Student: 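Right, I'll just put the structure down here and ask away after.
Please read these numbers as outputs of a predicted model, since none were measured by experiment. Protein chains get the first letters and strands the later ones, always in sequence-line order, with residue 1 at the start of each.
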Amino acid sequence: MDIFKETLKTFIVNIIKEEKKIDVSSLQAEKLIKNPPDDSFGDYCLAAYYMQNYGFQGKPETAAGDLYNLCGRRFAEIAGLFDKIEIKGAYVNFFVKRERFVSEVVKEVVDSGSDYGRDVPEKPLTAAIDFSSPNIAKPFGVGHLRSTVIGMSLSKIYEFCGHKVIKINYLGDFGTQFGKLITAFCRYGDINFSEFEKDPVKVLYELYVRIHKDEQTDATVEEEAKKRFKTLEDFMSLNKRGFEEYLGAIKGLGDKKIKNIFSGSPEAAEASESTVADAAYIPENIKLSEENKNLFCGTAEGQYNLWKIFRKLSIEEFKRIYKSIGIEFDSYEGEAESAEFSKDIKEILLKSGIAEISEGAAIVNVKGIKAPALIAKSDGTSLYLSRDIVTVISRMAKYNFDKMIYVVGSEQALHFSQLFGIFGILKENAEKIKAGKNFKHYASMIDGKLIHVKFGRIIGMSTRKGNLVFLEDYIEEARLKALEKLEERLKILENNLSVEIKDAAKKLSEGIEELETLTENVEQQSLIHGQKKEQIYLTSLKVGIGAVIFNDLKTRRTTDVNFNWDNVLSFEGQTGPYLQYTVSRINSLLNRLDVNETDLKNDAQSFRFSKNDADFDDIFLIAKQIYGLKTAVHSAVEQNEPSVLSTFALDLASYFNKYYQNHRLIGKNYDYVKPRIAMLVSVKTVLVSILNLLCIPVLDKM
RNA sequence: GCGUUCAUAGCUCAGAUGGAUAGAGCAACAGCCUUCUAAGCUGUGGGUCGCAGGUUCGAAUCCUGCUGGACGCACCA
C-alpha cells in the first residue's frame, strides 16, 4: 500500500474541496501528483498548470504561491509522513520523511517477497499471446529469438499481474515453401540419408538453401512447388469437417487446458501439446530412405506423410532449443490446422458480400488500407491471411480471450492491419453474414481485441561465412566468452590466494597468529575456486544466455537493432551479466552476514534506519528505486514493453553497486547491520523478480 | 509513387505520455583491489535532440513540410 501517495491524494482532494469548493475524484487527484526530476527538488510535486481546473487560476507562479500557502497552513494533516513543503517556480514540492519512507518500503518488500511489485488489475484478463511462431521449413535463427523472448517475457509479466495467459506457438508449417521443400527432396538424387537421420534439421536447411538457389535459374521449380503444395492441401481437405461444427466442438476447450496448465501437472502439459503429436503421427513402417522416395513423391498421401515427417523433425528440434533457454508454451498450433477451413472462410466472405473476386483471386477491401487483402489465390489454395482468420476465430471459441497479442516483426504490420480490419468489417456487418450461429457469434466479438506487438529488425547480423546465424551457435559464442572471463577471474583469485597463504605462513613462522582470518579467506575463496567443471560450464552458459536474452530486451521493441558482436559479448555496463553479477554479490554478502530471513520478518528492528548514518542517503536512493517497481510493471503491461523493466533493473543495480562500493557491512555491529540486511534482501528480491520476468537465468555465484 | 516507422553524445540506447538544469552504458583519458566477488566503483571530456516552420505560458516529445534510413505495398509467410 502506497501510504505516502494516498495520504497526499486525500490531502489535496480535501484542500480543493474545502478551499475551492470543487469535487475531485481520487483518480483525478492521482494524476495531479507527479514526481520531480531530481531528488533535491523533493519526492512528490504538484504543478500549478495542472491545477487550473481546480480553482488555481492565473500565472503558474502565483497559482503555485496560492497552493503553497494552503498546503502550508494545513501541513499538520500530513506531518506524520512528510518533512516539509517547498515552492520552486510553478511547483510545490513535498519531501517525505525519509527514515519512515525507507523502512516502509523495506518492510513491504520483506513481507511480500516475490509478490512485491505485483500490479493487480481490477479485472484479470484472458490474454492469448502468439509468439516465436517459427517457420519450420527454415532453421531457428537469431531473428526468431526476439519474438520468442519478448513474447515469453510479456507472458510472464501478464501472469505476474494476475492475468490468465495462454502462450501459443503458431508454427509456420504450411504454404508454398513446403511445396518447395518436397520438390527439393524429390528432385535431388544425392541426398545423404544417414546424415538425415543424425541431423535432420541441417539436411532440411541444405535442401532449403539449394532449392532457393536453383529457383533463380529454373522456372520449373516454382511451378512444381506450387503444384505439390496444391496436391497437399487438397489431400488434407478431403475428409474435412465443416468449420461450423468444428467451432462447436472446440468451444471452451481451452478452459480445461488452462486450468490444467495452471495446476502444473505433467499430464496436463502433455495433453496441451497433444494436437501437435496427433497431427504429426506417422505410420511406423514409413522411413526416409532412397527406396521409399517414390512412395513419398508419387502419391498425394505420400507427400502428406513426407510433410508430416519434416514437420515432426523440426518440432522436436525446436522443443530442444526452447528447453535450453527456458521457454515453454501452453499450446502448439499449426497453420495446417487452419488450412482445412480456409475455403469456408473464403465462401462465407464471398457470400456475405464482404469479399469479391478480382483477377481470379478472392480479396477484401479494408477501409483505410489501399492494398487489397488477399484471402485466396486464383488456384484456390489458401493464403497466410485466410489461415489467420480461421485461427483467430478458433482461438476465440477455445479461449474466449480478452486480448490476442501477436508478437511479430513490424514488417508484417500491413498484414495485421488487414487482419484486424476484416474483423472490424465482420462486426459491423454481423447481420449480413451468411454463416452458421457459431461463426457469427465468434467472428463478431473479436474486433478491438487484437494487438500487434511489433518489434524492429536485427540489422547486420551475420557469421563470417553465411548470413544466417543459428541460435545455438550464437549462444555458444556467448558462453565461450563468459567462460574466458570466468577462467581469468578464477586465475586471479588463485594468485591472490597463494600470496595470502605465503604471507600467512611467513607471519606464522614469525610467531604472529593470523590463522583465523586466513582460514576464513581460504574457505571463501575455495568456494569460488572449488567450482567443479560442470558448475563452471553451467555458470558460463547461464551468463551467456543472460547476455544474449538481455540484449534483445534492453531496448524498446520498435527500434531496429544494429547488431554488433562486441556489444553482445561485452558483459560490462548495461548488460544481463551485470544484473546477474549484482545478485550474486548480494548473495555472497548475505552468506557472510549469516542471515536468518524469518528472523528478519518478525523483528521490527530490522526496518529502522537513521538518517544520521553516513550511508543513509544511498539507502534512500535504493529504496526510492525499489518503490517504483509497481509503476514500472504497470507501464510494461500498458505498453507491452519488457524493456521498461530492463531499464528499471539496471538503475536499481547501479544504485546498489554504488552503495556496495562505498559502505562496508562486514565487521559492523549487529544492530547497525540488521536493517541493512533487510535492505539487501529487498534489492535482491526485486532484481530476482525482474530477471525472472525477463527470462534471464539467476546465478547464486559468479 | 503510396503507406508504416525511425532520426537524441564518436558508438549503443534511456528520457515516467507536453513540464523544472536532456541522462546512462560502451569507447577515450585519469584514478580505486593486504578490508563484503574489479563482470564493480570514482572523476574528466563529449549535445544546435536530422533541418525548417507551426501549435502555447512551455516542445526531444504534438502538427506540417523537407532531408536521410529501414520496412511493406496481388496470389510468399
Student: Apply side-chain hydrogen bond (donor to acceptor under 3.5 Å, both in side chains) to residues Asp615(A) and His663(A) and explain how you reach the verdict.
Tutor: CA-CA 7 Å; Asp615(A) 61 352; His663(A) 313 284; 5.0 Å; no
Student: What's the closest nucleotide to the side chain of Lys658(A) if the choices are rG18(B), rA16(B), rC41(B)?
Tutor: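 Nucleotide nearest to Lys658(A)'s side chain: rC41(B).
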Student: Which nucleotide wins on minimum distance to the side chain of Ala371(A), given the candidates rU21(B), rC73(B), rA70(B)?
Tutor: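 Ranking rU21(B), rC73(B), rA70(B) by closest atom to the Ala371(A) side chain puts rC73(B) first.
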Student: Under 4.0 Å between a side-chain N/O of Ser588(A) and OP1 or OP2 of rU37(B), yes or no?
Tutor: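 It does, given that an N or O in the side chain of Ser588(A) lies less than 4.0 Å from OP1 or OP2 of rU37(B).
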Student: For rA74(B) and rA27(B), measure between their P atoms and round to the nearest Å.
Tutor: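 46 Å, rounded to whole Å.
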Student: Between rG15(B) and rA9(B), how far apart are the two P atoms, rounded to whole Å?
Tutor: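 Roughly 15 Å separates the two P atoms.
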Student: Can you see if the side chain of Arg556(A) gets near the phosphate of rG15(B) - specifically, an N or O under 4.0 Å from OP1 or OP2?
Tutor: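 So the side chain of Arg556(A) is within the cut-off, an N or O lying under 4.0 Å from OP1 or OP2 of rG15(B).
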Student: State which of rC32(B), rA39(B), rC71(B) makes the closest approach to the side chain of Gln661(A).
Tutor: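 That would be rC32(B).
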Student: Any idea which of rA27(B), rC41(B), rA74(B) is nearest the Glu572(A) side chain?
Tutor: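 Shortest atom-to-atom distance from the side chain points to rA27(B).
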Student: With respect to the side chain of Arg592(A), which nucleotide from rA14(B), rG72(B), rU37(B) is positioned closest?
Tutor: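 That would be rU37(B).
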Student: Counting only side-chain N and O atoms of Tyr578(A), is one of them less than 4.0 Å from OP1 or OP2 of rC41(B)?
Tutor: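 Checking rC41(B) against Tyr578(A), a side-chain N or O does come within under 4.0 Å of OP1 or OP2.
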Student: Rounding to the closest angstrom, what is the interatomic distance between rU61(B) and rC6(B) at atom P?
Tutor: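 Per the computed distance, 13 Å lies between those P atoms.
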Student: Report yes if at least one side-chain N or O of Arg585(A) is closer than 4.0 Å to OP1 or OP2 of rA39(B); otherwise report no.
Tutor: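 No, no such contact exists.
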Student: Measure the distance between the ring centre of Tyr660(A) and the centre of the six-membered base ring of rG40(B), then answer whether it is under 5.5 Å with planes under 30°.
Tutor: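 It does not: the two rings, one from Tyr660(A) and one from rG40(B), miss the stacking criterion.
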Student: Which base sits across from rC73(B) as a Watson-Crick or G-U pair, both distances under 3.5 Å?
Tutor: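 Partner of rC73(B): rG1(B).
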Student: So that I can tick it off, tell me whether Lys481(A) and Glu477(A) are bridged by a salt bridge, with the cut-off set at under 4.0 angstrom between side-chain N and carboxylate O.
Tutor: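 No salt bridge links Glu477(A) with Lys481(A).
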Student: At under 4.0 Å between heavy atoms, what does Thr176(A) touch on the DNA or RNA strands: base, sugar-phosphate, or nothing?
Tutor: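 Since only primed, P, OP1 and OP2 atoms lie under 4.0 Å of Thr176(A), the category is sugar-phosphate.
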Student: If the glycosidic angle is within 90 degrees of 0 it's syn, otherwise anti, so just tell me which one rU42(B) is.
Tutor: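 The base of rU42(B) is oriented anti (glycosidic angle more than 90° from 0).
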Student: Does rC76(B) have OP1 or OP2 sitting under 4.0 Å from an N or O in the side chain of Lys226(A)?
Tutor: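 So the side chain of Lys226(A) is within the cut-off, an N or O lying under 4.0 Å from OP1 or OP2 of rC76(B).
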Student: Name the closest nucleotide to the Pro577(A) side chain, picking from rA74(B), rA39(B), rG18(B).
Tutor: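 Closest of the options to the side chain of Pro577(A): rA39(B).
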Student: Rounded to whole angstroms, how far apart are CG on Leu486(A) and C1' on rA38(B)?
Tutor: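 In whole Å, rA38(B) C1' lies 15 Å from Leu486(A) CG.
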Student: Have a look at Val543(A) and say if it touches a base, only the backbone sugar-phosphate, or nothing, with a 4.0 Å heavy-atom cut-off.
Tutor: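 Here Val543(A) touches the bases of the nucleic acid.
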Student: Can you measure Asn35(A) atom CG to rG23(B) atom P for me and round it to whole angstrom units?
Tutor: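 After rounding, the reported distance stands at 17 Å.
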Student: Is any N or O donor-acceptor pair between the side chain of Asn93(A) and the base of rA20(B) shorter than 3.5 Å?
Tutor: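 Result: at least one qualifying N/O pair found.
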Student: Quick one: is Arg387(A) getting a side-chain N or O under 4.0 Å of the rA77(B) phosphate, OP1 or OP2?
Tutor: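 The answer is yes; a side-chain N or O of Arg387(A) sits under 4.0 Å from OP1 or OP2.
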Student: Rounding to an integer number of angstrom, what distance separates rA39(B) and rC33(B) when you compare their C1' atoms?
Tutor: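 So the two C1' atoms sit 15 Å from each other.
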Student: Starting from C1' on rC41(B), measure out to CG on Asn662(A) and report it in whole angstrom.
Tutor: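 One finds 7 Å between C1' of rC41(B) and CG of Asn662(A), rounded.
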Student: Using the P atoms only, state how far rA77(B) lies from rC41(B), rounded to an integer number of Å.
Tutor: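 One P to the other, the span is 50 Å.
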Student: Inspect the contact between Lys485(A) and Glu572(A) and indicate whether a charged nitrogen and a carboxylate oxygen are less than 4.0 angstrom apart.
Tutor: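 The answer is yes: the pair qualifies as a salt bridge.
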Student: Could Glu222(A) and Lys180(A) be called an ion pair, given the rule that one side-chain N must be under 4.0 Å from one carboxylate O?
Tutor: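 Between Lys180(A) and Glu222(A) there is no salt bridge, as every charged N stays at least 4.0 Å from the carboxylate O atoms.
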Student: State whether the distance check finds a donor on one side and an acceptor on the other, under 3.5 Å, for side chain Ser358(A) versus base rA74(B).
Tutor: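 Answer is yes: a donor-acceptor pair is held.
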Student: Glu337(A) and Arg387(A): salt bridge (Lys or Arg N to Asp or Glu O under 4.0 Å), yes or no, with the steps?
Tutor: CA-CA 9 Å; Glu337(A) 293 169 56; Arg387(A) 298 197 280 270; over 6 Å; no
Student: Between rG68(B) and rC29(B), how many Å separate the two P atoms, rounded to a whole number?
Tutor: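 Result for the P pair: 37 Å, nearest Å.
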Student: Stepwise, does the side-chain hydrogen bond (donor to acceptor under 3.5 Å, both in side chains) test hold for Tyr384(A) with Gln412(A)?
Tutor: CA-CA 11 Å; Tyr384(A) 184 33; Gln412(A) 292 193 37; 2.4 Å; yes
